[in-house]
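Right, one structure below, let's go through it.
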Amino acid sequence: MKKLMAMLLASSMLLSVALTGCGDDKDGGDGKDGKYNSVAYVCGNIGDKSFCDVSWKGVQEGAEDNNIKSKVIEYGADTKSKMEPTLNDAADTYDIVVASGGEMAEILEKFWEDYPNKRFILFDIDPDYDNKMSNAFCINFKQNEGDFLAGALAQKMSKTGTIGFVGGGEVVVIQDFLVGYIQGSKYANESGKVAIAFIGNWTDSAKAKELSGVQINTSNADVLHQVAGSAGLGLFQACQENGKKWAIGVDADQRDYFLETDPDLADVILTSMEKKCDVAIRDAINKTFKGEAEYGTLVKWGVAEGVTVLSENDFYKENVPADVQSYIDDVEAKITAGEIKIDTMYGMATDVYNALRDGVKA
């Protein structure tokens, strides 16, 4: 009798273990053997008409290319408390998870080994990031290269020799934009000035409008560039309301977003410095399905890869003189060929950064 009871107990324990294993989605679920049925994009908020929207577009396109379902998961403005549980929940439920920024990479480092059969695509990652996660594919964008083009164009289009830059938070990635913008300005006009302001967040469009107005009316800036998420929309309003100054958008071809809803506002957006997150993400998803994505690595994409470039739409072609267009094409070719070297904020000493800013102070 004792022997029979022992056998029954052992069988019960084995059944319990088997059932627990079947219900554990961390073991990979549909992600096993390269069979992916779903992709999630984890972000703050959709609707910024910029970074998040264009990234979500790339996720959707990658999902459509491979006939899988896609989902956007927003953690909102409360990033400190929501980012980690949101990313973890997405990993539990979806086979491929897409997210941006170094903070997301740091969070994933805590639990990536729990999801060996899931795939994580992390973009907008620092160029010096050492990716040791075998199921994570990391992408760095060389925004300093793209903003070199923006700064050069702004100076070539400026009548006053003073251009403007309005950033969201003064964090390394935005400073990297600024470094490229300043150096592009100096390349096109050695004596040119750059009015610089930071909002302190990514949502206060009224503050962006106010700061942009100061640059226009006090510093005499006549071409302004915003790198501030949804807050940067205030810069477009300032350009519209202060004598139709030229604006340069960011991340997406932002003029497209206003063509139907506010054409007058659209007509101050000369171009945008696109970080083509949609192209990069779609490519990463497709390469994941083909088995071509090199997980456990960090790739660096910029002007040469056509990822950080100016929007050369019909409006750009109509309003930028032919000789200036040729000039920008030549600058782009020289960056691609490595003939123009552009500094980056990553690894730059604070005093060098401050000297760079002070050297063009408007």
Can you sort out the partners of Asn242 under side-chain contact (heavy atoms from CB on, under 4.5 Å), two or more places apart, ordered by chain and number?
-> Ile216, Asn217, Ala238
Keeping to residues at least two apart or across chains, list the salt bridge (Lys or Arg N to Asp or Glu O under 4.0 Å) pairs with something in residues 292-306.
-> none
Does Lys287 pair with Asp283 as a salt bridge, N-O distance under 4.0 Å?
-> yes
Looking only at heavy atoms, which two atoms of Ala228 and Gly167 are closest? And how far apart?
-> CB-C, 3.9 Å
For Lys317, what residues pass the salt bridge (Lys or Arg N to Asp or Glu O under 4.0 Å) criterion, not counting sequence neighbours?
-> none
Under-4.0 Å salt bridge between Asp130 and Lys132 = yes
Answer with yes or no after comparing the ring centroid distance for Phe289 and Tyr36 against a 6.0 Å cut-off, counting only values under it.
-> yes
Qualifying side chain to side chain donor-acceptor pair (under 3.5 Å) pairs with a residue from residues 192-208, counting only residues at least two apart or across chains = none
Under the salt bridge (Lys or Arg N to Asp or Glu O under 4.0 Å) test, which residues partner Lys186, sequence neighbours left out?
-> Glu190
Residue pairs fulfilling ring-ring contact (aromatic ring centres under 6.0 Å, His included) with at least one residue in residues 47-72, sequence neighbours excluded = Phe51-Phe123
Can you find a side-chain donor-acceptor pair between Ser311 and Glu274 that sits under 3.5 Å?
-> yes
Do Tyr41 and Ile46 touch side chain to side chain, with heavy atoms closer than 4.5 Å?
-> yes
Residues that Asp253 engages under salt bridge (Lys or Arg N to Asp or Glu O under 4.0 Å), provided they are two or more places apart = none
Would you call the rings of Tyr295 and Phe137 parallel, tilted or perpendicular, where under 30° means parallel and over 60° means perpendicular?
-> tilted
Carefully, step by step, assess Asp53 and Tyr257 under the rule side-chain contact (heavy atoms from CB on, under 4.5 Å).
-> CA-CA 10 Å; Asp53 285 357; Tyr257 289 116; 3.8 Å; yes
Give the intermediate values and the outcome of side-chain contact (heavy atoms from CB on, under 4.5 Å) for residues Ile163 and Ser185.
-> CA-CA 8 Å; Ile163 60 177; Ser185 171; 3.8 Å; yes
Applied to residues 219-241, the side chain to side chain donor-acceptor pair (under 3.5 Å) test, sequence neighbours excluded, yields Asp147-His225, Ser158-Asp222, Thr160-Asp222, Lys209-Glu241, Gln226-Gln254
Test: Arg282 and Asp65 ion pair at under 4.0 Å = yes
Using a strict 4.0 Å threshold on nitrogen-to-oxygen distance, state whether Glu113 and Lys118 make a salt bridge.
-> no
Check step by step if side-chain contact (heavy atoms from CB on, under 4.5 Å) holds for Met273 and Lys275.
-> CA-CA 7 Å; Met273 199 297 280; Lys275 287 174 72 171; 3.9 Å; yes
Between Asp251 and Lys276, is the closest basic N to carboxylate O distance under 4.0 Å?
-> no
Residue set satisfying side-chain contact (heavy atoms from CB on, under 4.5 Å) with Ile125, at least two apart, ordered chain then number -> Ala105, Leu122, Tyr129, Cys138, Leu298
Quick one: ring-ring contact (aromatic ring centres under 6.0 Å, His included) pairs with a partner in residues 138-163, sequence neighbours left out?
-> Phe148-Tyr187
For Asp128, check salt bridge (Lys or Arg N to Asp or Glu O under 4.0 Å) against everything at least two apart and list the hits.
-> none
Would you call Asp330 and Lys334 a salt bridge, using N to O less than 4.0 angstrom?
-> yes
What residue pairs, at least two apart or across chains, pass ring-ring contact (aromatic ring centres under 6.0 Å, His included) with a residue in residues 341-362?
-> none
Is the backbone of Gly62 close enough, under 3.5 Å, to the side chain of Asn66 for a donor and an acceptor to pair up by distance?
-> yes
Pair Asn140-Asp126, side chain to side chain donor-acceptor pair (under 3.5 Å): steps then yes or no | CA-CA 6 Å; Asn140 163 253; Asp126 295 354; over 6 Å; no
Is there a donor-acceptor pair closer than 3.5 Å between any side-chain N or O of Glu145 and the backbone N or O of Thr308?
-> no
Glu332 CD to Ile328 CD1 distance, which is reported to the nearest 0.5 Å | 9.0 Å
